[in-house]
Enquirer: 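Please see the structure below; I have some questions.
Convention: sequence-line order gives letters A, B, ...; per-chain numbering from 1.
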Amino acid sequence: MFGKLYLGELKKLARPKALITLAVLCVALFIVFVIIYNMQIEEPLNTLREAAESTENFTEATGDGVFDYYQDYISAATPENVDELIAELNETKKTYEERNKKKETKGQYGAAIKELRCGIAMLEYMKAHNVYGKNLNVEGYASYYAVKNAESFALYYFRTIAAILTIYGIVMAAGLYADEYARGTIKLVMLRPVTKNQVTTAKLLALFTYILGILGVASLLGYAYGAIAYKSVSAEKVYVVFNASSVFACTVGGTVLYKMFFAAVKVLSFASLSYAIGTILRKKTPAIILSFIVYLGIISALFTIFGGERFLFSTNTDLSVYFGFGVGEYINGGNFFLALPLLVIYLAAIISSTYLVVNKRDVI
Amino acid sequence: MALLEVKNVSKVYSKSKKNKGGSLTALDDVSFTLDKGEALGLIGPNGAGKSTLIKCITGLATQTSGEITINGYDTKKQRVKSIKKVGAIIESPDMYKDWTAMENLLYLADLSISKEEGLDKNGVKERVESLLKLVNLYDRRNDKVYKYSLGMKQRLGIAQALLSKPEFLILDEPANGLDPEGIKEIRDIIRHLAKDLDMAVLVSSHNLSELQLTCDRFLIIKKGKILADIKADDIVKGGTTVVIQVDDAVKAIDVLKSEYDITARHEGDGKLIADTEIATGDITKTLILNGVTVNGITVKENTLEETFLSVTEDKKKDTDKEFLSANGTAIPTEDSETGKEDK
C-alpha cells in the first residue's frame, strides 16, 4: 500500500505543466551556462602565482588578498623553509585573533583566521608527508577550477541547478499538504486504509525523489557535456583542508561528488523546512515566504550583529564550507563537528514536527 | 453486533478565534447504531453537528469522548481497520482536477482495494470501469475532472466511495448540484446499494423530501444532540394533519378540545390545523352538531419536513422553558445561539 501511496505522490508532483516548465528552464540554463562558461578567459593558476611573485606585498596589492596570499606560501614552501612559513602564519593568526576579539573589530577577521588555519594545516601536512611543489592542487586553489574541464563544468552547472531547485523545492514542498487541504483532496486520501504517518512519509519521500531525480539528471547532463567538450581531470590528485585543521588527499572526481552531495543536502533541507511549515500552517504562501526568509539568510544576518549565527539552521545547511580553503562563506566560530549535529537535530525537529502535527490534528 | 455503533460521543472544539475565543460543543453525548441493509438519513440545520459526526465516524476528526466502532473496530484506535470497508463522500466531491476520472479512480483504487481481494491490475481497472458505468461517466472517463459539471463530480464522488466494495457508505449531501434526473439516479443507486447489496448507508442532506424517498430511518440532530430517531414508517403512521375551514374558529377550537381533546391551531380566516387520526366525517359531524359551519375539511399525511420542524420546534420550546426557569431572563434568539457552521 505504501508503494502505491508513494507513486501517487510522485504523480501529483510530476504535473506535466510543472515538468515542462522545469525542463525548459534547465535546458535554457544549460545553453546560457555553456555560453558563459566558454566565454571565460582561461587563466591557469600559474598566471596568478606569477603576478603574486612580482608584487612585493600581494595582500595589499589585491586588497582582500588573504585567499591568494596563503596559496603563495604553499607554492613557495620547501623542506628548508616550511617551519619558518608555519611560524609566520601562526604569528599572523595570533594577531588576527586578537583583533577579532576587540570590540571595534569584533568578528571581522573570522574569514582571515579560517584561511590562516587552513594554510597552517596544509603546510604541516606538506611537512609531515614531504609533499611540495608549485603546482600542488589544493582544494580552493586547485588549478582545475581555473581551466576548463569536464569536472568544473559539471559542478558549476549542478550548483546552478541546485540553487534554482532550492527555490523550486521550497515552492513545491510548501504545497504538498497545504494544496490538498485547500482543494479538499486530503480527505480523499485519508479516507483510505492508510495511516497519517504513511501519507506524510510518502509525500516527503516523493519530494526528495523528485528533487534528487532532477539533480541526478543535471549532474549527468553537465558531466556528459563536459566530458565531450573538455578534458576530464577526474583522476587528478587534490588536497583538501577539512574543517580548517586537517588535510586529506582526494581525486578531483571525489571532490566533485562530495560537493554535489552537500549541495543536494542543502536543497533537501530547505524543502523539508518548507514542507513542515506548509503542513503546520496548512497554507502555502506563508510557508513559502517564511522559508525564503530563512533561505535568504535574513534571520542569520540579524544574528551576525549579535553573534551566534553559527547555531542557526540556515548557516548549517551548507556543510561544504568546511572542506577546502575558500569554499563559500565562512561563519565566525563555525566548526564541522558543531554544524553536522546541529543540522541533523534541526532536520529531525523539522521533520518530526510535521509528523506530530499531522497525527495530532483532525484531518478536516 | 451492529455494523456501526456510536456510544456517548462528544466533540468539543477548543478555544479559537473561529469560536469567538470559547470552546464549542459540536457533538453532545450522541449514541445510535446502524445495521447492514439500513439507509439512515441524518437531518439537522446548519451547525447541528452532522458533518462533525460524519468526520468522527470516518476518523477524519477525533471525538473528545465516547466510542465509535465500525465492524467492531474502534475508529480512534484502529482507524485503518475500521475504514477498510467504508466508502464516503464528505462535504464536497473534491478530486484531483488535473487528472482524468480514470486516473483519479485508479489512484484511489490502489489505496482502497485490500490485498485480500487478490485483484491484479486488470481486475482493478475492470472495477473502476464498472463503477464509471454505474455512475454514467464511462464515456467521459478520459476527460480531466476540471471539465466536469458539479453533478458529474458528484457522481464521480460516489464512484470513488464504492471502490473498496464497502459494507458501509457515508454520503454527505450526495444530491448537491444535481438536476432532478441526477437526484433520482443517486436515489436509485442508494436504494440499490442498501437493499440489494445489504450495505449500510448513512446519508446527510438538507433535501428532506428527497431523503424521505431514500432512507428508511432518520436521525434528527440539533446543537450536537440527537433529538429523534424515527423510522420512515412511523412518520406516516405517526399522525395526520387535518385542515378544517370553519365560520367560527374560536368556537370550533373549544368544541374540538372538549369533544376530542384535540388542540387545533388557528391560522387565520377560519382555517384550523389539527394533528389527529380521528376520521374527518366524525369531526365534521361533531362540529355541525355544535353549531359550527364546516366549509371544508382535508387530510394531509405528515412529511419528514413537518416531523423535523415539529421535533426541532418542540425541543426549542423545551430548551427555552429550561433556559427561562434556570436564568429567569429573556429567551435566547436563534442568532444568539452558538453553532459551528459545518457546511
Enquirer: Please indicate whether A/F2 has more than 12 foreign heavy atoms, meaning atoms of other residues, nucleotides or ligands, lying under 6.0 Å from its CZ.
Expert: yes
Enquirer: Between the side chain of B/R79 and the main-chain N/O of A/V194, is any donor-acceptor distance below 3.5 Å?
Expert: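 Between the backbone of A/V194 and the side chain of B/R79 there is a qualifying donor-acceptor contact (under 3.5 Å).
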Enquirer: When rounded to the nearest 0.5 angstrom, what is the spacing between OG1 in A/T185 and CG in B/D94?
Expert: 7.0 Å
Enquirer: What I'd like to find out is whether the side chain of B/K55 reaches to under 4.5 Å of the side chain of A/K187, using heavy atoms alone.
Expert: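 Result no, sub-4.5 Å side-chain heavy-atom pair not found.
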Enquirer: So what's closer than 4.5 Å to chain B heavy atoms on A/R183: side chain, backbone, both or neither?
Expert: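 Backbone only.
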Enquirer: Just so I understand: if I count every heavy-atom pair under 4.5 Å between each of A/P16, A/G8, A/P193 and chain B, which residue has the most?
Expert: A/P193
Enquirer: Evaluate the side-chain hydrogen bond (donor to acceptor under 3.5 Å, both in side chains) criterion for residues A/K4 and B/Y107: first the C-alpha distance (whole Å), next the side-chain angles of each, then the deciding distance (0.1 Å), finally the verdict.
Expert: CA-CA 8 Å; A/K4 287 168 180 174; B/Y107 166 59; over 6 Å; no
Enquirer: Please flag which part of A/K17 lies under 4.5 Å from any non-hydrogen atom of chain B: side chain, backbone, both or neither.
Expert: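 Nothing of A/K17, per the 4.5 Å heavy-atom cut-off to chain B.
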Enquirer: Could you measure the distance from the CG atom of A/L191 to the OG atom of B/S112? Nearest 0.5 Å is fine.
Expert: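 Interatomic distance, A/L191 CG to B/S112 OG, rounded to 0.5 Å: 9.0 Å.
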Enquirer: Below 4.5 Å from any heavy atom of chain A, which atoms of B/I113 appear? Answer side chain, backbone, both or neither.
Expert: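 The backbone, not the side chain.
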Enquirer: I'd like to know whether NZ of B/K125 has more than 12 heavy-atom contacts from other residues, nucleotides or ligands below 6.0 angstrom.
Expert: no
Enquirer: Check this for me: A/F33, atom CZ, are more than 12 non-hydrogen atoms of other residues, nucleotides or ligands nearer than 6.0 Å?
Expert: yes
Enquirer: Dump the intermediate steps for side-chain contact (heavy atoms from CB on, under 4.5 Å) on A/D362 and B/K11, then the final yes or no.
Expert: CA-CA 11 Å; A/D362 287 346; B/K11 172 76 179 174; 2.7 Å; yes
Enquirer: Pick one of side chain, backbone, both or neither for B/D110, based on which atoms fall under 4.5 Å of a heavy atom in chain A.
Expert: both
Enquirer: Is there a side-chain contact between B/Q160 and A/R192, using heavy atoms and a 4.5 Å cut-off?
Expert: yes
Enquirer: More than 12 non-hydrogen atoms from neighbouring residues, nucleotides or ligands closer than 6.0 Å to NZ on B/K225, yes or no?
Expert: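 Atom NZ in B/K225 is not crowded, with 12 or fewer foreign heavy atoms closer than 6.0 Å.
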Enquirer: I'd like to check A/E180 versus B/Y96 (side-chain heavy atoms, cut-off strictly below 4.5 Å). Are they in contact?
Expert: yes
Enquirer: To the nearest 0.5 angstrom, please state how far the CE atom of A/M190 sits from the CD1 atom of B/I90.
Expert: 13.5 Å
